[in-house]
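Below, chains carry the letters A, B, ... as their sequence lines are ordered, and counting in each starts from 1. Note that the structure is predicted; figures quoted are calculated from it, not measured.
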Amino acid sequence: MNPKTLLRLALLLPAIAQAASAAPKKDYIVTGSKPDRLFLIDAAARRVVGDFKIPGAHDWVGTIVPSPDGRIAYVLVNRMESIAGIDLGTGKEVFRADLSSPGERVKCLFAFDVTPDGKQMLVYEVPVKLGLSEYQVEPTRFAVFDTNAGLHAKPVREFPAPRRVHTLLTDKNDRTFFALGFDLYEYDIATGKRLETRGIRHWDHPGHSRPDLLAFWPVSEPTGIFAAPIYSTRTPAAGHGAPVPVTSLMTLNLRTGALAYHDVEKTSALIFSTVLSPTEPAAFGAYTQLTKIGLDPYRVEKRVDLPHTYYAVLVSTDGKEVYTAGAMCDVTVFDADTLAEKANIRLPGCGDQSVTSPRLVRR
Amino acid sequence: MSTTSKAENTGGWALAVLLGVLAAGAATRAVAAVTATTGPADGATLVKTYCGACHLPDRQGTLARIGDERKTPEGWVMTIFRMQNLHGLQLPATARDTIVRYLADTRGLAPSEAAPARFALERRPNVPDLALPGDLQRMCARCHSAARIALERRDAADWLKNANWHLAEFPTIEYQEGARDRHWWREASTKVPAELGRLFPLHTAAWAAWQRHAPIDLAGRWLVRGDEPGRGTYWGTAEIRRTAADEYRTTYRLRFADGQALDGQSHAIVYTGYEWRGTATLGDRSTHEVFAASPGGRRLSGRWFLDDHAEIGADWDAVRAGRAPRIVLVSPRAIRAGTSTRVTIVGEHLGGRVDLGAGLRARVVHRGRTSLVLQVDAAAHAAPGYRTVRVGGANAADAVAVYDRVDRLDVTPAYAIARLGGGKIDPVAAQFAVDAIEEIPGPASKPQAVHLGALPVAWSIGPFDAQAAHDRDVDFAGRIDSRGRFLPAGAGPNPKRPFHADNTGNLEVIATLPPGAAGRPTAVVGKAHLVVTVQRWNTPPIY
C-alpha cells in the first residue's frame with residue numbers, strides 16, 4: 001500500500017467512525033441466566049455479543065427492563081431483593097437499588113418498569129418486618145427511584161399498592177403507570193393516586209368465568225401494546241353442559257390505555273406469554289408449542305411443537321422473525337410467517353434462563 | 001375430619017410448579033435416636049441458652065413462640081432445622097437432640113391428638129391424607145399434607161404468626177395457582193388462624209390429661225408381627241431393655257414366612273412418653289422406627305422404614321408377652337382346598353388341641369415357645385371361607401381362609417406416586433402388593449369377599465391411557481421388579497422424548513395370577529394406577 005493510499009485511509013477514518021455511530025439501530029435480544037449472567041445477542045447475526053456477570057445476583061436473575069435508549073438493562077436479582085442496572089456496552093453496573101434494609105426484607109415480585117423518558121424507575125415492593133422471633137407481613141407499596149441515582153439508589157417516593165401485583169407497565173405519557181394484579185390499576189406516578197381500576201379478575205367478558213392471568217413477562221416492544229394469555233371457562237352457547245376452557249388474549253395499549261379481551265380458542269395448548277406483531281394482525285405465544293394467533297378474526301393460525309419448553313417470546317422490529325427464550329439455555333429463531341426454525345443460539349455457560357424476562361432492544 | 005383420596009397434583013399449570021420450586025426449602029433430617037444422656041432439666045437450660053437470645057421470655061418466663069406451640073418430635077426437629085438454616089442458629093448435635101427431647105416431652109401431642117395423622121409420621125407412602133374442613137384444605141393442604149397441620153397445636157394468635165411467617169418466607173405463595181384466585185393474605189391473616197386455633201388449639205383436655213399420665217416402662221419381652229409389602233409377613237420376638245430414662249436397646253429375633261431371618265438391634269428414645277423413635281439394623285438394612293406405645297404400655301405399633309428410602313418399609317405390631325394363651329398371627333392366611341400346606345401359628349402358651357375348622361386337618365410338626373408349626377391338609381371339598389383357629393385355650397376368629405379359586409386381585413395401593421431420581425435427590429420407588437379375593441355367597445345371597453392375602457403374581461406395567469401409549473411412557477419411566485416394586489428412571493430433560501420431556505409417566509401396574517394358581521381357566525389380572533412424576537426438592541420428616 002503506498003503512502004498516498006494510507007493518507008487517504010487516515011483521512012477517511014473519522015468519517016467511517018461517524019458512519020458507524022450513525023449506523024441504523026439493530027435488534028438485540030437481552031436475556032439472563034442463572035447464576036448471574038446477562039447476555040446481549042445480535043439478533044440478525046445470531047451471535048452473543050455481550051456476556052456479563054451481574055454483581056450480587058445470588059444465583060437469581062429475574063425480570064429484565066431495558067432503558068428506552070437500549071443502553072442499560074435493569075435486572076431483578078438477589079432473590080428479588082435488588083435491581084441492578086448493567087451498561088450493555090461495557091457490562092458495568094451503573095445502577096443498584098438494594099430494596100431490603102436492616103429489619104425489613106423487601107422483595108420485588110417481578111414487577112418494575114422504567115418511564116419512557118428513562119428517568120424514573122417504578123418498583124412494586126413486598127416488605128416484611130423481621131422481628132426477633134416473628135415476621136410481620138407489611139402492606140405492599142410502590143417505590144419510585146431516580147435512574148441516575150447510581151449504585152446506592154434509595155426511593156424518592158413511596159405510596160400504597162394493592163397485594164398480588166405481578167407486572168408494572170409505564171404509560172407512554174410519563175405521567176401514569178399500570179399495575180397488573182387482581183385487576184388492572186392505573187396510578188399517577190407523581191402523586192401515587194389511583195386513577196382507575198378495571199377488571200382482570202373482575203373482567204367484563206359475558207359468558208365467562210373469572211379468569212386466570214399470570215404472565216409476568218412485561219414485554220410490550222415493539223408495538224407499545226402489552227399482550228398476555230388469559231384463561232377462563234365459557235358457558236356453552238346452549239346454556240347447559242360442562243363449561244369449556246377458553247384461552248383469550250388480553251391486550252393493553254400503553255399509549256391509549258385501551259384494554260381488550262378476545263377469545264382465541266377452546267384451550268388446547270398452554271401459552272405462557274405472548275407478543276404482538278408490529279406488521280400484521282397477529283400475536284405469537286410460547287410454551288411447549290409456538291402459536292401464531294390471528295387477530296382478525298381471533299384464532300389459532302398456526303402451531304408448531306418446540307424443541308423444549310420456552311416461557312417467553314419476542315418478535316423482531318420488522319415483524320419477520322420470532323424468538324423463543326426463557327427456560328434452559330438457548331434462544332431459537334423462527335420465521336414469523338411459516339414458524340419454521342431458522343436458527344438456534346446457545347448461551348455461554350448454559351445456565352437456566354428460568355424466570356428471567358428476555359427483551360428486545362434497539363441500539 | 002374425614003379422609004379423602006390424596007390428590008397430588010402432577011399436572012396443573014407448570015408455572016405453579018415453578019413457583020413451588022422457588023418456594024421449596026432444603027431437606028431436613030429425620031428424628032433419630034442418637035445418644036443423648038441429658039434429661040429434661042438440661043433441656044430447659046439448653047433452650048434458654050440457644051433459643052433465648054431471640055425468643056425472649058414474657059413475665060411468666062415463657063419464651064416467645066416456643067411456649068405457644070406443641071408439636072411432634074419430628075415437628076420440633078423441623079423447627080430447629082429451620083432455625084439453623086434460615087436464622088443462623090449454631091448448636092451442636094447433642095444439644096439439638098436434648099432440646100428436641102425436652103420440647104417434645106413438655107410441648108408434645110397427646111396420643112389421641114397424634115393418632116389421626118400417625119401415617120404421616122410413619123412416612124407411609126400413597127395413603128389417603130386427612131381432609132381439612134372448608135377453605136383450609138385449599139389454604140394449607142395445597143402445599144402440605146393436611147396431616148402436617150393436624151400434627152401441630154397453637155392458639156389463633158400463634159397461627160397468625162405462622163401465616164405471617166409463610167408469606168414472609170415464601171412471598172410467591174399469593175401468586176400461585178390455587179391462591180391467586182382469592183385475596184389470599186386477607187384470608188390467611190383472618191379466617192385461617194381463627195379456624196386453626198379452633199381446630200388445633202394449644203390447650204386441650206387431652207394434653208392436660210396426658211401430662212398427668214404415669215410413665216410407661218416398655219422393658220420386657222414382646223411378640224412381634226408385621227408385613228413388608230413385596231416381601232411378606234414376618235414374626236418373632238423383641239427383647240427390650242431400658243438403658244436410661246425413656247431410652248431403650250432392643251434385640252430382635254424375627255423371620256419372614258419363607259424362613260429368611262430378620263434379626264437385628266435397635267436403639268430407641270421414647271419422646272412425649274409414648275413416641276418410640278428407633279435407629280435399627282434389621283438383617284443387612286439400616287432402618288428407622290416410628291412406633292407408638294399404647295397408653296397402657298402393652299402394645300407398640302407403627303412402621304419401620306429404610307433410612308434412605310422411607311417408602312420402603314413394613315408394618316410393625318408388638319404385644320407384650322404375657323401369661324395367657326394367645327394367637328397373634330397365622331401364616332399363610334389362606335389354604336387352597338385339596339392341598340397340604342405348612343402353616344405357622346405365632347403366639348404364646350400354645351399347648352393343647354389344635355383345631356383349624358371344617359375341612360382342615362392339622363398335624364403338629366413343631367411346638368416352639370412362640371410358634372406352632374403345622375402340616376395342614378385341606379380336603380378337596382373343603383368349603384371356601386374363613387375359619388376360626390383354636391389352640392388349647394387360645395383362639396383367633398377368621399385367622400385363616402380356605403379357597404378353591406381366585407376371583408379377583410386387588411392391587412394396593414390402587415393409586416400410587418413414584419418419583420424420578422437424580423443429582424442430590426434419590427428416586428422414590430412405589431411398592432405394590434396384591435390381596436387375592438374369592439367371592440363366596442354370603443348372608444342374603446350377597447357375595448362375601450374372602451381375603452386371601454398375597455399370592456405369587458407376575459408384575460408388569462402398561463400405558464395408563466392413549467397419551468401415555470403415544471408418548472411411550474413405559475419405555476422411559478422405569479421398570480417393575482418381580483416383587484412388585486417400581487423403580488423409577490433418572491430425572492432431567494430427555495432428548496429422546498418429545499419436548500425433551502422428563503421421564504415422567506402415566507402407567508398401569510398389572511399383577512397377573514396364572515390360570516393354574518387361580519383355579520380358573522383363565523388368568524386373573526389386577527391393576528393399579530401409577531403416576532411417575534418429578535422430584536421433590538425438599539424432603540422433610542413430615543410432608
Evaluate whether atom [atom1] of [X] has more than 12 neighbouring non-hydrogen atoms of other residues, nucleotides or ligands under 6.0 angstrom away.
| X | atom1 | result |
| --- | --- | --- |
| A:D204 | CG | no |
| A:H58 | NE2 | no |
| B:H470 | NE2 | no |

Distance col, row B:R182:CZ vs A:F182:CZ, nearest 0.5 angstrom, shows 9.0 Å
Carboxylate-amine/guanidinium proximity below 4.0 Å for B:D181 and A:R210
no
At a heavy-atom separation under 4.5 Å, does [X] approach chain B through its side chain, its backbone, both, or neither?
| X | result |
| --- | --- |
| A:Q289 | side chain |
| A:V137 | both |
| A:R164 | both |

Under 4.5 Å from any heavy atom of chain A, what part of [X] do you find: side chain, backbone, both or neither?
| X | value |
| --- | --- |
| B:A179 | neither |
| B:H183 | both |
| B:L56 | side chain |
| B:P498 | neither |

Evaluate A:R163 against B:L167 for side chain to side chain contact (heavy atoms under 4.5 Å, CB included), listing each step before the verdict. CA-CA 12 Å; A:R163 295 207 75 87; B:L167 193 54; 3.4 Å; yes
Nearest heavy-atom pair of [X] and [Y]: which atoms, and what distance?
| X | Y | value |
| --- | --- | --- |
| A:P307 | B:H500 | O-ND1, 2.9 Å |
| B:A168 | A:R105 | O-NH2, 3.0 Å |
| A:S133 | B:R65 | O-NH1, 3.0 Å |

- Message: Tell me if the aromatic rings of B:Y175 and A:H166 count as close, with their centers under 6.0 Å from one another.
- Response: no
Main-chain N/O of B:A501 paired with A:H308 side-chain donor or acceptor, under 3.5 Å: no
*List the steps, then state whether side chain to side chain contact (heavy atoms under 4.5 Å, CB included) holds for A:L214 with B:R180.*
CA-CA 9 Å; A:L214 185 72; B:R180 63 175 179 266; 3.5 Å; yes
Highest number of heavy-atom pairs under 4.5 Å with chain B among A:R201, A:K107, A:M328 belongs to A:R201
Give the C-alpha distance, both sets of side-chain angles, the deciding distance and a yes or no for side chain to side chain contact (heavy atoms under 4.5 Å, CB included) between B:H55 and A:L132. CA-CA 7 Å; B:H55 295 267; A:L132 264 184; over 6 Å; no
